[in-house]
There are 2 protein chains.
Amino acid sequence: MARRSEHSKEEIKSMVLGAAKGLIEEEGLAGLSARKLANQIGYTVGSLYMVFENLDDLILHANAVTLDELYQQLQVTVVEGDNPQATLQILAQTYIEYAMANPNRWNAVFEHHLPEGQQAPEWFQQRVDQIFALVEQQTSRLNIDRKKAVMSARALWSGVHGICVLYMTNKLHLPDEIQVQSLVEDLVSNYLGKL
Amino acid sequence: MARRSEHSKEEIKSMVLGAAKGLIEEEGLAGLSARKLANQIGYTVGSLYMVFENLDDLILHANAVTLDELYQQLQVTVVEGDNPQATLQILAQTYIEYAMANPNRWNAVFEHHLPEGQQAPEWFQQRVDQIFALVEQQTSRLNIDRKKAVMSARALWSGVHGICVLYMTNKLHLPDEIQVQSLVEDLVSNYLGKL
DNA sequence: TTGACAATTAAACGATGTTTAATAAAACTA
DNA sequence: TAGTTTTATTAAACATCGTTTAATTGTCAA
């Protein structure tokens, strides 16, 4: 068999990412496989390696899409006039809302690991930094110096993320009367209260 | 070939777990395989299924060993006379120390996921709860009601864990002048300050 | 001593990610 | 237009994986 040229490489790339999004959404990262992807877009496995280095590279791109989507959802909740404390509360709540609405795709971002020793490429790391920046933007408005603002953003957001991780992986074991949202609110307000 | 009866089932079980510990330590969870394990203990793959349901079950047991070890290390740092704030600081620091000292085994606990819909057996969940209990024991000593103590333990520990997760997976991107330890200290002291 | 039982193995199965060689269509050249 | 080069695409192969199966053989009880 041979060249069809029905789609450009860019088209194939986005077809694959679309299929990956759907597959992860429905079956989780573990449900993703090269053959399933190829099948869904009407090509064979080999073609995937024309547009991606390997499956890890493919997954990184799929996860980047998720991070972009999350970033965008966080961004639109930031309202100019609100004070930083309130804004940080909203950001935190929006974060767990996103995770709860897209459990498998959110999970995939943190479940996926590169082989020992390898670290994520810069274009991926930037997606993560982008989100921290959104938080830092708010901590910077508090009455603290630059270094403290950087620290607070990292500490606070990691904290919110930690709650999210344990909750999503069923390791939080909350009593029925306590909701995750309250936990997050509690963490943020207590942390900010002392600043 | 056939029965050798050199080792009891219990002996084989602990030989496997010992091999698993070493393999995860050196190659990470991804480096673990049934054949490697069998090879290391001088048996063939089939024998693993005599003592474990499947690889997931085996990994859960290996991770339980890690959680037990972590619990024990946390426990010995608790000194009777210290105030709860100081004790919580020490617990938090001990936690990231453990993670940094045993990166691959610590990682394995949170990297491993059961197939969609399945959740960890009770004996495993208890290991997690045991650690939360250690924290709750301290938050209970603060001047707050029972419900608040439960919440604080969860929120605080999840927060510490979140910092640990992002740091260990290279997603924290800290500037050079900020250490993880300071981040943790910052989170704990700020959170507790307002109570 | 025979027969039932159970420990252990080798081999097979289906699935995985990745690489390879072959093929044929498109693009370029004369 | 004819011939040649390039390249998109595929089928097939490879090594590895978790898991199951059947066969084998040591052990123990009767």
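Just so we're on the same page: letters track the sequence lines, and every chain starts at 1. Keep in mind that the numbers below use all heavy atoms, side chains included, and drop hydrogens, waters and symmetry copies.
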Return the NZ to OG1 distance between B/Lys21 and B/Thr66, rounded to the nearest 0.5 Å. 7.5 Å
Salt bridge A/Asp186-B/Lys148, side-chain N to carboxylate O under 4.0 Å: yes
Describe the nucleic acid contact of A/Leu32 in one word from base, sugar-phosphate, nothing, applying a heavy-atom distance below 4.0 Å. sugar-phosphate
Side chain of A/Ser33, heavy atoms from C-beta onward: which of C/dT18, C/dT16, D/dC17 has the nearest atom to it? C/dT16
What nucleotide among C/dT8, D/dT19, D/dA11 has an atom nearest to a side-chain atom of B/Leu55? D/dT19
Of the nucleotides D/dA8, C/dT8, D/dT10, which has the atom closest to the B/Ile12 side chain? C/dT8
Distance, rounded to the nearest Å, where B/Tyr49 contributes OH and C/dT9 contributes C1': 15 Å
For atom CG of B/Leu23 and atom P of D/dC17, their distance in whole Å: 11 Å
Value rounded to 0.5 Å, distance of CG in A/Asn107 from NE2 in B/His113: 5.5 Å
The nucleotide from D/dT10, C/dT8, D/dA8 with an atom nearest the side chain of A/Met50 is D/dA8
Just how far, in rounded Å, is C1' of D/dT19 from CZ of B/Phe52? 16 Å
What integer distance in Å separates A/Ile59:CD1 from C/dT16:P? 13 Å
In whole angstrom, what separates A/Glu11's CD from D/dA8's C1'? 14 Å
Let's see if you can work this out: which of C/dG17, D/dT10, D/dT19 has an atom nearest to the side-chain heavy atoms of A/Ser47? D/dT10
Ranking C/dT18, D/dA8, C/dT16 by distance to the side chain of A/Lys36, first place goes to C/dT16
Taking the six-membered ring for Trp, are the ring centroids of A/Phe52 and A/His61 within less than 6.0 Å of each other? yes
As an exercise, state the distance from CG of B/Leu156 to CG of A/Leu187, rounded to the nearest 0.5 Å. 8.0 Å
Which listed nucleotide (C/dT18, D/dC17, D/dA8) is nearest to the side chain of A/Lys9? D/dA8
Note: for A/Val45 and B/Arg35 on DNA chain C, the residue whose nearest nucleotide lies more 5' is B/Arg35
Atom CD1 of A/Ile41 and atom C1' of D/dT9 are separated, to the nearest Å, by 12 Å
Between atom CG in B/Leu48 and atom P in C/dT9, what is the gap in whole Å? 10 Å
Taking OH from B/Tyr43 and P from C/dT9, how many angstroms apart are they, rounded to a whole number? 7 Å
